[in-house]
2 protein chains.
Amino acid sequence: MLEIFKKLFKGSKLLKGNVGIEREGLRVDRYGNLSLKKHPEIFGDKMLNPYITTDFSESQIELITPVFGTCEETYNFLNNLYDIVALEIKDEYIWPQSMPCIIPDDKLIPIASFNKSPKGEEARKYRENLIEKYGGKKQLISGVHYNFSFNEDMIKKLYDNANTELNYRRFKDNIYLKVTRNYLRYRWLLLYLLGATGIVHESYTGECVKTLQKISQGAFSNDGAMSYRNSECGYKNNIELFPNYSSVNSYVESINGFIKDGLIESHKELYSSIRLKAKDNYNLFNSLLDEGINYLEYRSIDINPFDKCGISLEDLHFLQMFNLFLLISEEESYDNWQEEAYDNQKVIARYGQNNVELKKNGEVISKEKWALNILNQIKEINKELSLGKDSLIDSMIDKVKDYKLTYTYKIIDKVKEEGYVNAHINLAKKYKEDAYKNRFKLVGYEDLELSTQILMKESIKRGIKTNIIDRSENFIVLKKGDKVEYVKQATKTSKDNYISVLMMENKVVTKKVLRKAGIRVPMGMEFNSIKDAISELEKFINIPAVIKPKSTNFGIGISIFPSGGKKEDIIKALEIAFKYDNTVLIEEFIQGKEYRFLVIGDKVAGILHRVPANVVGDGVKNISELIKDKNLSPLRGKGYITPLEKIQIDENVELFLKQSNIDINYIPNKDEMIYLRENSNISTGGDSIDYTDDIPERFKKIAVNSSKAIGANICGVDMIIKDYKDETSDYGIIELNFNPAIHIHSYPYIGKERKIANEILKLLELI
Amino acid sequence: MLEIFKKLFKGSKLLKGNVGIEREGLRVDRYGNLSLKKHPEIFGDKMLNPYITTDFSESQIELITPVFGTCEETYNFLNNLYDIVALEIKDEYIWPQSMPCIIPDDKLIPIASFNKSPKGEEARKYRENLIEKYGGKKQLISGVHYNFSFNEDMIKKLYDNANTELNYRRFKDNIYLKVTRNYLRYRWLLLYLLGATGIVHESYTGECVKTLQKISQGAFSNDGAMSYRNSECGYKNNIELFPNYSSVNSYVESINGFIKDGLIESHKELYSSIRLKAKDNYNLFNSLLDEGINYLEYRSIDINPFDKCGISLEDLHFLQMFNLFLLISEEESYDNWQEEAYDNQKVIARYGQNNVELKKNGEVISKEKWALNILNQIKEINKELSLGKDSLIDSMIDKVKDYKLTYTYKIIDKVKEEGYVNAHINLAKKYKEDAYKNRFKLVGYEDLELSTQILMKESIKRGIKTNIIDRSENFIVLKKGDKVEYVKQATKTSKDNYISVLMMENKVVTKKVLRKAGIRVPMGMEFNSIKDAISELEKFINIPAVIKPKSTNFGIGISIFPSGGKKEDIIKALEIAFKYDNTVLIEEFIQGKEYRFLVIGDKVAGILHRVPANVVGDGVKNISELIKDKNLSPLRGKGYITPLEKIQIDENVELFLKQSNIDINYIPNKDEMIYLRENSNISTGGDSIDYTDDIPERFKKIAVNSSKAIGANICGVDMIIKDYKDETSDYGIIELNFNPAIHIHSYPYIGKERKIANEILKLLELI
């Protein structure tokens, strides 16, 4: 078969496929006790959130990624789901191990609660039956389920080349059936390479614990153990069942037989290490029979405690190679292959660290020899098809040769040192810290604007289906039930009408409309010649005024007369401004500080004031050192991938300091604030300060009225306020923005982080 | 006073002021009979349309301009109102003369009907009383009312300079009172210069006609007559009344006296040649007393039959000079000044063509001497204040010196030749033709896009208050009652939401959304390298396809395989395309012609097909001559001021013809169609052909569904249809446009003119 592949395919395109992951994890308190708290309400109805739900127990969170075409995307999404949950469960942690934490008696284990719908009722009953039949403790075992399908183009090409009388559906079914059978044959190797459950807590079922030895505080194991989850200690049917994998029909028939015989209640109760999956898994059998196999689910992968996601990206890449191997590798016929494969699994699960012997078609073969043989075949496939995964396969070979490189060995080692609970909680703490560092972003989506990342993250949290529809444009689509909302750049939505946007885009129109609505805007006029300007000059003499070129940057050509200018000074200012632009504005100057009010719907969601890049002295460090310290904040980065930018020391900073006759070696006094630039742009290291709770109601009302006057639903209102503490203070609206950034309010430098994305989702009626 | 003006002002800014005009006109049939038809319904409720209403009679249309700062704007707006009405009254005409057309007996004169509101009742009763008191025939006299106020800045400057104890309001009142008194003194000159009613029809009141001689078919006059409208034959109070113009208080008091004495019923019945006007004219007296004089209304100006608008732009400019003169000219004290002024008016009205004698402060003075004296004073003002109106004043001086230059003389001359009815109907016909030529535009607004002009014209017609809010951006605001709608470029409105627009702007998103909605869009992919493209090539082999650089113009770098290409040909095409752009598209090619469906709301308002510039032979003329002929169409212009562009003979045309081995001297056979270019753009002389009634319902539904899928309310759907006559024909949506032009549908080269603006106003719920 490799020959056919060589003929048809070349390069990494062959590794394209569809991967989705379900990862379970117990919620625990900081002492490692199973949480008895409710599943966080923010994740919504468990049965409707496609990303975050619970499995058996209320405290058993299940993260579900969508299906992606690359491992990286799937891994990143899982990472984000982890981050979201880790921060929402407050002082709890996600237990980073398939085998449970400290668990109470069955009666105290909280079964997942569901809504009162028939489906909810069914889910509850099913769980009650399970606890009765298998006991609650085993139900708490968590794992990683790996769902995959091959690239459809690849299967089509194989079909076109096959010269078969089978129709396409049957051909495709046969491909997945072969992979399934081979998976069962070779799964013992995955157990060895990915297994991580060679250890249990003393609170786990006595039936298991009594067969093991105590190796550390609370921890029990046996010599050579690799994966209790896949052993007799794990979550298994009471009798091992072997479905028929020769065709879809016989698969369905054989499982129906188990059900008829009362061995299991439904196909969901068949705890096989692989499952055939259909398009409609709620009506699994009918869908399988009608539409064929849609994808496969690998179920024997343990949670990797050393990876936040529970499975490493490297292992995901290896699984792709492994899948190809399963497809390409010829099957040998051996009658008792299922029983033999099951025996091999049991041996590895219980003693895999040791150099055990396995059986291959009835012949004895050492674990190492067979493992190397398989990995060398994979290496061959990699080479012949130019897949470029050499080092990945070599690292697996190393693992085969040295059991100390296995996850199981490593976690046992750590448990021996720190104790069962601490070893795992310490890892979980580290992952939680990582989640906090990531809080303002969506990992793997850093090319998107922060505002879009934040909105997506909030949507995912709420169980709103979130898809990118044009990545470079930050164009996403949000779906909840039948409701579909398209959003561009986080704040461009269906809730704003086009003409409002065009009105905001046009400063002349904005001003006219606001003025008509009785809102204060600076008086101003535009002139195309100095002659025109002079003819209207009288209006501006002795009035606080700004003279500026129409399109200006960085204050060039601008003159300000804060307490009014004389005629000759204004003319001079006009002459300067006309050097930079053919159109010059004279505008009334309103004194005060500028605040960005973010209005969403009919309320102010956040108020922000920006200040130029600065440092505050400690009496010891010089400016340069203070900048270095300030730049350490994880909120500061380079290139707009964080809410704030690092302060750069450049010519402008040096020039600015020079005005005060200091340089970057100056040591400011304690609490002395040194500004480093004129402009307050975040992009040049400025600080953002939240004032949402400080600004009086009056100004908030003005901001909302301004937004309403222009007919907007999402609106950034830039307001100058002379003295915000004084409710009666003079103010003026400078500008309305139809695409206000949300990240500046969500993650300010100083002040409360505002849940802006939430407000947008509310406006969109998605929550 | 001129000295003060010289000190304070200079240049034409002084001529800025506010001008609004009301112009009445009788609707007549082509035989000159007063129309007995209803006021056209399209103009809506007479009491609510601020631009087009009726006066006394149902057949007496009144055009009302808003107040503008320049004569040109006012004149242009009046022009547009005329055009609108002239085309909506179908086969009727607007009688271009103050003195009536052929009128029936009083009982048959249709009094204006009104709605059933209290105000409507009041208007009806008022008219019934008038017909009883004055007779219906006199009520049909129509005129021009000129409303004006000075530039407020000017008055303020005068006030600041005046060193007076009066408050500003009183000072301003005094200014307008002085102008009013001087207007009365000097109005005889306006009668001479602008008078045009030296003639009446035999059907006019016998009481007048019997004093005159027949001079032509149906026409009666007397030697020297100038303005019967302002004579005893005209529309006057039964006793001449002289209000007190010394202050606002005495003015109000004196008129209240007339009412108390039963001489008139209300101030509206005082037919003075000038009126003081207030901010709130519905509560005139209170408003005058509380807020002072807001503007003045000159009421003695006859309709100028030689100008479509009823008053020429030149005369409007002269009135501005005249107003200044009235303000600057010192008043002499003479007790019986009002009676004397009234007598002078009567003399000029009845004998003004002759060299009559007038009285000035009791002294006799010849008309010519006094007139020249006034005009020379105006000339002096013009010179001293650098107003630049020399030639205008000179032409008035000429008119004084030669009565044959007066409008009255000219219209009498024309009537003598053609008869009373024909002379006037011929003028009205000419004006109606002009209105038709103007039908696709708004005169004076040619700098706006045609689509905006068309929408504004329709709005004005419907009595929707229409204002430009940013001219260069085609940003307008439409108001009806409390409803306000902002519109940019005619089709950007509040009815479209922002995200729909952004979706249409993004072709990738548009395609995804349409495809999801089950609408056919050409399959296509984008590639950034030839290697990438080749890896996906198989999808496009032997499929009708277009290969094109992402941003291309004029077909450069495009290869089309209408019936599919071989691999090597497609690769060659890719190589060509990549020469022009770093991104190349491969798109399925859908055969057929492209149609623009304009969807508004949930219906197709127009369907258009564009064809490249072409001529059709007559077997005689060569291409060059045929182009010249075709370019004569008034729909064709240069620079997008008409719905179609003139065909230019340029290099591209010559190159294109060369491909068929012909040049512009080739004489096509009769009915032979010669295309002159490849592209079908209207901008290069292409033709637009309406297909709205030809395209089957199925495609219209697809267009509407496409618009709905993207959530649009106004949407240009570009659809390729293989054979529009075949309902089952293949089709594909190429693009959706969020700012479709409307003029192409409103005024196509071939086919029915579609009332698109109407549909937009309906969508906006303004009609």
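These numbers were taken from a predicted model, which means no experiment stands behind them. We name chains A, B, ... by the order of the sequence lines, and we start the count at 1 in each one.
- With a 4.5 Å cut-off on non-hydrogen atoms, B/Val501 touches chain A through its side chain but not through its backbone.
- Contact detail for B/Lys492 and A/Ile499: the closest heavy-atom pair is O-CD1, 3.0 Å.
- Between A/Tyr498 and B/Tyr498, the ring planes lie parallel to each other; the angle is under 30°, not in the 30° to 60° tilted range.
- The part of A/Val508 that comes within reach of chain B is its side chain, from C-beta onward, which places non-hydrogen atoms under 4.5 angstrom from that chain.
- Contact tally against chain A (heavy-atom pairs below 4.5 Å) for B/Asp153, B/Val487, B/Ile469: the top residue is B/Ile469.
- Annotation for A/Leu502 and B/Phe475: closest pair O-CE1, 3.6 Å, computed over non-hydrogen atoms.
- The candidate from B/Ser500, B/Ser494, B/Gly711 with the greatest count of non-hydrogen atom pairs under 4.5 Å with chain A is B/Ser494.
- For B/Asn582, the CG atom is loosely surrounded, since the number of other residues' heavy atoms within 6.0 Å does not exceed 12.
- For a residue to count as touching a neighbouring chain, one of its non-hydrogen atoms must lie under 4.5 Å from one of that chain's; by this rule A/Lys13 touches chain B with the side chain only.
- Only the side chain of B/Glu536 has a heavy atom closer than 4.5 Å to any heavy atom of chain A.
- With a 4.5 angstrom heavy-atom cutoff, B/Lys512 touches chain A only via side-chain atoms.
- For NZ of A/Lys483, the number of neighbouring non-hydrogen atoms (other residues, nucleotides, ligands) closer than 6.0 Å is greater than 12.
- Looking at A/Lys157, only its side chain comes within 4.5 Å of chain B, counting heavy atoms on both sides.
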Would A/Val513 and B/Tyr486 count as a side-chain contact (heavy atoms from CB on, under 4.5 Å) if you check the C-alpha gap in whole Å, the side-chain angles of each, and the deciding distance to 0.1 Å? CA-CA 10 Å; A/Val513 172; B/Tyr486 294 85; 3.4 Å; yes

